[in-house]
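The block underneath contains the structure these notes are about, expressed in structure tokens.
Numbering starts at 1 and runs along the sequence shown. Hydrogens, waters and symmetry mates are skipped; everything else that's a heavy atom, side chains included, is used.
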Amino acid sequence: HARRMSEDEPGADLHYTIALVAMSANRPIESLAAADVLLRGSANRPAKASYLTVQASALHLLGRYEEELAVAERCAAFFPDEPYCRAVEARALVALGRVEELLALTEQVLTSAVQAESTVMTVAASPGDVLVVASRELRAHGHPEASVGVAQRLVRWHRSTTGASKEERNRLELGTALTLAGQWQEAEAIFAELAALPIDPDPEDDWHRYWNMVYTGNRGELAARQGHRRDALAIAARLEGMDQSLFRGEPLIWSAAIAAQLGERERALDLLRRALGSGAYALTPAGGVHDEPGLEPLWGDPEFVELLRPKG
């Protein structure tokens with residue numbers, strides 16, 4: 001009889017780590033194999049939602065969207081309060097062209113969040129993450145108007161629920177939604193404010209340094225989008241000077257987005273190669289390189305497509 005694989009069961013964390021490492025190497029077939037072993041025998045509720053979301057992410061990279069959707073629905077059934085379950089469900093629906101169902105899902109998520117009073121986000125995930133993923137995927141799959149519409153819906157939701165909240169996570173999500181909605185000046189003001197927050201001087205505090213990097217990357221991309229070349233290049237230089245091993249190459253992805261927005265194709269592709277070589281994840285439940293909005297000028301470019309082609 002199928003028994004739940006608990007966190008304490010030998011091998012569970014090992015197989016999860018293997019699945020994650022394979023995703024960072026853009027090897028979704030290997031990641032899926034590890035996830036399948038991880039979930040074998042867990043016909044009942046798996047120990048963690050992340051076991052299912054990594055499985056769904058591997059399926060997405062392999063273009064197996066129906067299977068991804070089935071995993072996402074299973075994740076949402078077992079972990080109804082985990083936003084990333086609904087985020088991977090949204091991603092699968094967009095890839096399958098089921099846009100009306102996706103829009104219904106985003107409304108359901110926001111309604112449930114208000115009813116549960118879960119408008120104050122944790123750092124890990126929030127109801128709005130579902131709409132961010134939906135907006136990114138819609139644009140990447142050729143639905144720019146629907147993408148902007150979802151982003152605008154998230155902006156309105158934040159302004160009516162979190163209001164003037166200074167909570168960092170809320171500000172980040174509002175800034176992201178404004179960027180996706182094309183309201184770049186408003187987004188830039190938010191990210192400038194977030195990037196100016198003090199960083200804990202504790203050398204062990206990588207957490208605050210990570211989020212400062214994210215805010216800085218957003219500022220650089222927004223500067224490039226608005227044609228502020230000097231500012232954008234100065235921020236790109238800062239990002240490229242960061243510890244890439246600490247941040248798994250993510251600063252280089254931001255720098256690649258800046259180069260792409262400035263029309264520097266070769267430089268953007270080179271930075272992306274370096275980022276992926278530094279361990280950047282091809283895809284996570286929160287999004288990936290293939291739907292990174294700042295890289296939109298590269299979408300469809302044969303070298304970009306080849307760079308992201310699964311390696312195994």
message = For the CG atom of Leu102 and the CD atom of Glu137, what is their distance to the nearest 0.5 Å?
response =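 Spacing of CG (Leu102) from CD (Glu137) equals 9.5 Å.
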message = With rounding to the nearest 0.5 angstrom, report the CG to CG distance, Leu283 to Asp291.
response =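 CG of Asp291 is found 7.0 Å from CG of Leu283.
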Side-chain heavy atoms nearer than 4.5 Å, only ILVMFWY residues, links allowed to pass through others: does that put [X] and [Y] together?
{"X": "Val94", "Y": "Val109", "answer": "yes"}
{"X": "Leu180", "Y": "Leu295", "answer": "no"}
{"X": "Leu93", "Y": "Val133", "answer": "no"}
{"X": "Val289", "Y": "Tyr84", "answer": "no"}
{"X": "Leu38", "Y": "Val21", "answer": "no"}

task = Could you tell me whether the side chain of Glu167 and the main chain of Asn170 form a donor-acceptor pair under 3.5 Å?
result =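 Flag set: sc Glu167 to bb Asn170 pair under 3.5 Å.
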message = For the CD atom on Glu266, are there more than 12 heavy atoms of other groups (residues, nucleotides or ligands in this structure) within a distance under 6.0 Å?
response =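 Yes, the 6.0 Å shell around CD holds more than 12 heavy atoms from other groups.
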request  = Hey, could you give me each pair passing salt bridge (Lys or Arg N to Asp or Glu O under 4.0 Å) that has a residue in residues 230-251? Not counting sequence neighbours.
outcome  =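 Residue pairs passing salt bridge (Lys or Arg N to Asp or Glu O under 4.0 Å), neighbours aside: Glu240-Arg267.
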Taking 4.0 angstrom as the limit, do [X] and [Y] come out as a salt bridge?
{"X": "Arg225", "Y": "Glu188", "result": "no"}
{"X": "Arg171", "Y": "Glu168", "result": "no"}
{"X": "Glu68", "Y": "Arg64", "result": "no"}

query = Which is it for Lys48 and Glu82 under the salt bridge (charged side-chain N to carboxylate O under 4.0 Å, His left out) test, yes or no, and what are the steps along the way?
reply = CA-CA 10 Å; Lys48 299 177 181 177; Glu82 173 50 71; over 6 Å; no
request  = Carefully, step by step, assess Arg153 and Ser135 under the rule side chain to side chain donor-acceptor pair (under 3.5 Å).
outcome  = CA-CA 10 Å; Arg153 177 70 181 93; Ser135 178; over 6 Å; no
